[in-house]
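Reviewing the structure listed below.
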Amino acid sequence: MGKIKFYLGEEIPLELHKAKIVQKLDLVDVERRAAAIAEAGNNTFLLKNKDIFLDMLTDSGVNAMSDNQLAAMMIADDSYAGSATFTRLTDALKDIFGTDYFLPAHQGRAAENILAVTFVKKGSIIPMNYHFTTTKAHITRLGGRVEELVIDEGIKTDSEYPFKGNFDLEKLKALIMKERDNIPFIRLEAGTNLIGGQPLSLENIKAVSAIAKENGIITVMDASLLQDNLYFIKTREEQCRNKSIREITREIADAMDIIYFSARKLGFARGGGIATNREDLYLKMRELVPMFEGFLTYGGMSVREMEAMAVGLEETMDMDVISQGPLFIEYMTRELIKNGVPVVTPAGGLGCHLNALEFIPHVRQEEYPAGSLATAVYIAGGIRGMERGTVSEQREEDGSEHLAAVELLRLAMPRRVFTLSQVKYAVDRIKWLYDNRSLIGGLRFVEEPSSLRFFFGRLEPTSDWQDRLVRKFKEDFGDSL
Ligand SMILES: *Cc1c(COP(=O)(O)O)cnc(C)c1O
């Protein structure tokens, strides 16, 4: 998707693809929406698809696939061992990352499990720009600890800084000075998920790699959101203007010892795995694949998905393909800003992020503003987002609440899935909600699992605020859904 100029001056992203298969959507009325969110324990993870109009929960496993991916699925070579599909996937990875070895895993967190079991032990410290939920859970389960070293700008929601996912290099050096022997690897997360899909610069990636090498520490990149990060390096990093996406990808890969990813995001398919050029590290991890995932030539993935992934990875080298997500997100972010709605800036990858602390400052963090806002956006428009705030954190060991650094409602933009009018509808309903924000109240847990509580936890509103929101909606919209 290029930045194509319109004669009439309108600034909108133009799709460079066409729809060949479509899925019918339903928009249920506001009363049904209020009932559905209550049935789901005010947790958008527990909503049923039949009640959802725009599913902006995640970009994971829900990206539109290309005709070439679907065609490739038909030639998948289904065998337990030695599958030609596996060879094609390994070759595709070698082609873009230059890596000789690939360990397949059924999705990103499975790759994290293998990495954690191999390298993390009690007392280990894993420096990273920012944590991801499943990553942190695997590390802490094994007695390790996560140290977040993102630059201060990274957690400022309102910013113009182009690379908010960058490491604070001084903090990294200081931590290594103190804890060198307890650090098995440094983890760099591309397109930093929990702070709004914010990228690292190529310069920062190389600097972290140099520091790690000086100290003999392994570098591991979580490349799940690399696609968006590549787009931002190409468009925002002066020294990379004239580099191709392929060249940038290769420079990143050359700076890393290990790259792992969720192919539910990178590669427009479903699966994951770990790529490396280091035989020693490959051999250390290899035996865990048949133990946790499946034989070494499929790792729990369907061969069809592996074929699709090989093609999808190749398509990721195409700027026309990878720009669609960031440009749609930029559009949505810009339109919300025009309407005064507080969002994370600059627009990142993955989705548009509403800043709940500013949207509903009257809701205390202990009453989960991002979680409340998620229920309100669903009631207002049948739009399902994901809470990325305190509900997504784990309580401290003493049982006290760990208040998140930011309270965000993520409205993910699955790649090539939504049309611009659907995005406009989302902006419209969010603007209505913002004008009625004083009606929004808080939530409290009624069922709270001790680990990854955001997946299964159930909550209730702290008052009848959702009923009042429904009444106001009917007043303003009448018969309209
Ligand atoms: C999605 C994601 C994961 C986990 O991948 P799954 O395929 O969902 O298990 C890990 N890291 C990041 C940055 C992600 O976005």
Kindly determine whether R109 and E112 satisfy salt bridge (Lys or Arg N to Asp or Glu O under 4.0 Å), including the steps that lead there.
CA-CA 5 Å; R109 69 199 68 185; E112 288 172 337; over 6 Å; no

R453/E401 under salt bridge (Lys or Arg N to Asp or Glu O under 4.0 Å): CA gap, chis, key distance, verdict
CA-CA 12 Å; R453 63 182 182 178; E401 211 39 282; 2.7 Å; yes

Strictly distance-based, threshold 3.5 Å: is any side-chain N or O of E407 a donor or acceptor partner for the main-chain N or O of T390?
yes

Is it the case that the side chain of N204 and the backbone of F167 share a donor-acceptor pair, with hydrogens and angles ignored and the cut-off at 3.5 Å?
yes

Parallel, tilted or perpendicular: ring planes of F261 versus F102, cut at 30 and 60 degrees:
parallel

Residues D254 and R250 bridged, charged N to O under 4.0 Å
yes

Keeping the roles fixed (side chain from N215, backbone from I217), state whether a donor-acceptor pair exists under 3.5 Å.
no

Please work out whether the ring planes of F119 and F185 are parallel, tilted or perpendicular, with thresholds of 30° and 60°.
perpendicular

Determine, stepwise, if the pair E148 / H131 fulfils side chain to side chain donor-acceptor pair (under 3.5 Å).
CA-CA 7 Å; E148 287 172 341; H131 81 280; 2.3 Å; yes

Stepwise side chain to side chain contact (heavy atoms under 4.5 Å, CB included) check, I126 with I183
CA-CA 6 Å; I126 319 296; I183 301 176; over 6 Å; no

When rounded to the nearest 0.5 angstrom, what distance separates OG1 in T375 from CG in N42?
5.5 Å

Test item: D228 side-chain N/O and G348 main-chain N/O as donor-acceptor pair under 3.5 Å
no

When you measure from the side chain of E358 to the backbone of P342, do you find a donor-acceptor pair of N or O atoms at a distance under 3.5 Å?
no

Is there a donor-acceptor pair closer than 3.5 Å between any side-chain N or O of D59 and the backbone N or O of R415?
no

Measure from the side-chain N and O atoms of K243 to the backbone N and O of E251, and report whether any donor-acceptor pair falls under 3.5 Å.
no

Salt-bridge test for E203 and K206: reply yes if a basic N is under 4.0 Å from a carboxylate O, no otherwise.
no

T297 side chain to Y80 backbone, donor-acceptor under 3.5 Å:
yes

Flag the pair E460 and R444 as a salt bridge only when some basic side-chain nitrogen lies within less than 4.0 angstrom of an acidic carboxylate oxygen.
yes

Please confirm whether the backbone N or O of S83 pairs with a side-chain atom of R88, one donor and one acceptor, at under 3.5 Å?
no

Is a side-chain donor or acceptor of N43 paired with a backbone partner of R458 at a separation under 3.5 angstrom?
no

Working for salt bridge (Lys or Arg N to Asp or Glu O under 4.0 Å), residues E305 and R270:
CA-CA 6 Å; E305 294 292 338; R270 290 151 204 89; 3.1 Å; yes

For E396, is the CD atom crowded, meaning more than 12 foreign heavy atoms sit under 6.0 Å from it?
yes

Under a 4.0 Å threshold between the charged nitrogen and the carboxylate oxygen, would R304 count as salt-bridged to D77?
no

